[in-house]
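In what follows, a single structure is set out as C-alpha cells and then discussed.
Counting starts at 1 for both ligands and their atoms, in listed order.
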Amino acid sequence: MVKEGSREERIAILGAGISGLSLGWLLSRIGKQVTLFESTDRIGGLARTFDWHGVPCDIAPHRLYTQDQALVAMIESLVPLREHRRNSRILMKDKVIADPINPIELILKFDPKTAASLIMGFLARPKLPEDSFEALALNRYGRGLYDFFFEPYTKKMFGVPPSEISVTWGREKLRSSGLLDTIRRSSKTFFSTFHYPADGGYGQIADAMHAHIRGEVMLESKVTGLERTENRVTAIQYRRHGEAHRFECDRVFTTLPATLLGRMLGEDFNLRYRGIELVYLHVKKPRVMPYQWVYFGDGDVVINRMAEFRNFHDPEAQVDNTVLCAEVTAETDRPVEDVLSALERYGLVDRAEVDDVMVLPEGFGYPVYDRGFEAVKARAEAVLGRYENLHSVGRNAEFRHIEVDEDLESALATVRRLYPDATPNAAPDAMPEAIMPEARPGA
Ligand SMILES: Cc1cc2nc3c(=O)[nH]c(=O)nc-3n(C[C@H](O)[C@H](O)[C@H](O)COP(=O)(O)OP(=O)(O)OC[C@H]3O[C@@H](n4cnc5c(N)ncnc54)[C@H](O)[C@@H]3O)c2cc1C
C-alpha cells in the first residue's frame, strides 16, 4: 500500500461543487495530485453561475457573508470581490417590509387587529419546553408573530409545520430574541453588507478554484459504489459515458449528499433534503426592483425568495433586459404560472414583459432539520466514521445548513487535520500564504 501522506497518495474527491473544488484547491496547494468525480457536465454545483440572455445567473441569490476576514482574504486571493450594501425586503400581505423582519414595523404598518395580536401574543409568551422550532418561536415571539409569519413561511420552506422542525433550526437561524430586539446584528441572518465577485457571478469562485487544481476533474463521471474492507475504502466505482469504471485510491473525500453515500455503503439514513425549483424569467426592461432579493412571506405564494441578478452587478450599467430567479419551495404542478401570478399580484412584472422562462430543478436544495434528525445524523457519522480514509466535507455531505465560506472552512479544517505538517509547494501558480494551515491558528 502507498504510504499515506506521501506524494504518491491516490486521492479521490467525490463531487465538483464548491466543497470538492475547495478540497482540490487546498490539496493541490500542498502538492497533492487529486482526481475529482462529477456526475454532471459542469463544475460548481449549487454555487455555479451560467449565462442566460447575457446575464450571469446564480442558483438563487448567492452572497458571501462571514466575519472571518481570513476566509474573505482567501477567496479574494482567487477572485476580486466587491462589497455591497444589502438591499432586501420581505413582501407580505401586499406590503413591503424590512428584511430581517422587524416586529415594531409590523405593528406600525399593519391593521390594528394584526398589531393587537402581535403585541398581545408577545406579552402572553408561553414558556414551553423547547423541543421543536414551534416551541422556540412561540417562546420568543408569541402566538401573533408565529401565526403571522413563522408558521406559513416554515411550511412553505420545508413542507411541514414548525412543530415538526427541530429546535436546532431555530437556534441556528433565529438570532433575534424577541419583539423588542430588532437591532441588526452581524450574523448569517442579520448582515448589512456582503461580498460578491466584482465581475461575473458567484460561480467565479468555483471557476478560480478549478483553475488551480493539480490533477483531473472528471466530468460526466457518476460515482455509483465504494469498494471497501472493514475500515477502509479501497476503490470507487463510477460510470462514464455508459461504461463502468473503478478507481483505486488511498483516500476519499466525499461531498455527495450523506443519504447517497449511505446507500453506497448499504445503509439507509433517514435524513431529508428539500428540493427546489428555480424559475428564471427573462424580462424586457432594465430593472424590475431595486432589491438584490426579496422574500415572500405569504403562505399562498409559492415563491420563497426571488433574486434580481443585475442588482449584484454594476448598478450603472446601461442594459435593456434583466433576469429574475424565483426560488419555489412550495409544492406546485405549475410553478411558472404561480410565479407569474405572484409577481403580478405584487405589481412587479406584467407577464407580457416576460419573453423567456426556464425552470431548473435542484433535488438537494436544503438539508431539512426534521425533529429527531440529530440522532439519525449521529448514526450516519458513526457509520461513515468506521472508514478511516473516508472524509465528509460540505453542506449536503455533513448535513449542515451551511454556506460557501463554511464549506471552504470545513475543507480547510479537514486538510489541516490530515496533513498537519504540509508545506506550500513552490509552483509558479502557487496560491497565497493565507491558505496555509499555520496562517489560520485555531480555525
Ligand atoms: C437556494 C440556495 C441559496 C444559497 N445561498 C447561498 C448564499 O447566499 N451564500 C453562500 O455562500 N451559499 C449559499 N448557498 C449554499 C451553497 O450553495 C452551498 O453551501 C454549496 O454550494 C454546497 O457545495 P457542495 O460542494 O458541498 O455541494 P453541491 O454544490 O451540492 O456539490 C455536490 C456536487 O456533487 C455532484 N454529485 C452528486 N452526486 C454525484 C455522484 N453520484 N457522482 C459524482 N458527482 C455527484 C453534484 O452534481 C454536485 O456538483 C445556497 C444554497 C441554496 C440551495
With heavy atoms of [X] as the reference, note each atom of ligand 1 found under 4.0 Å away.
X: T40; value: 47 (O)
X: E327; value: 1 (C)
X: K222; value: 41 (N), 42 (N)

Ligand 1 contact on [X] by region, counting heavy-atom pairs under 4.0 Å:
X: R305; result: side chain
X: P257; result: neither
X: E406; result: neither
X: Y366; result: side chain

Would you please say whether a donor-acceptor pair under 3.5 Å links the side chains of [X] and [Y]?
X: N396; Y: Y366; value: no
X: E248; Y: T234; value: no
X: E374; Y: S166; value: yes
X: R228; Y: Y387; value: yes

May I ask you to decide if [Y]'s main-chain N or O and [X]'s side chain share a donor-acceptor pair within less than 3.5 Å?
X: D407; Y: V393; answer: no
X: R334; Y: E337; answer: no
X: R214; Y: G31; answer: yes

Where the closest heavy atom to [atom] is concerned, which of [options] has it?
atom: atom 39 (C) of ligand 1; options: V404, L260, I75, L256; answer: L256
atom: atom 5 (N) of ligand 1; options: P61, A60, G394; answer: P61
atom: atom 52 (C) of ligand 1; options: R63, R395, E403; answer: R395

I'd like to know whether ligand 1 has [X] as a neighbour, heavy-atom separation below 4.0 Å.
X: Y65; answer: no
X: F364; answer: no
X: Y238; answer: no
X: I402; answer: yes
X: A397; answer: no

Taking the six-membered ring of Y295, is NZ or CZ of R89 closer than 6.0 Å to its centre and within 45° of its axis?
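Not flagged: R89 not positioned over aromatic ring of Y295.
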With respect to T322, which candidate in K284, R310, E308 satisfies the side chain to side chain donor-acceptor pair (under 3.5 Å) definition?
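It is E308; the other options fail the test.
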With a 4.0 Å cut-off, would you call R345 and D300 a salt bridge?
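Looking at D300 together with R345, the answer is yes, because their closest N to O distance falls below 4.0 Å.
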Using a 3.5 Å cut-off on N or O atoms only, is S19 in polar contact with ligand 1?
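Between S19 and ligand 1, an N or O pair is found under 3.5 Å apart.
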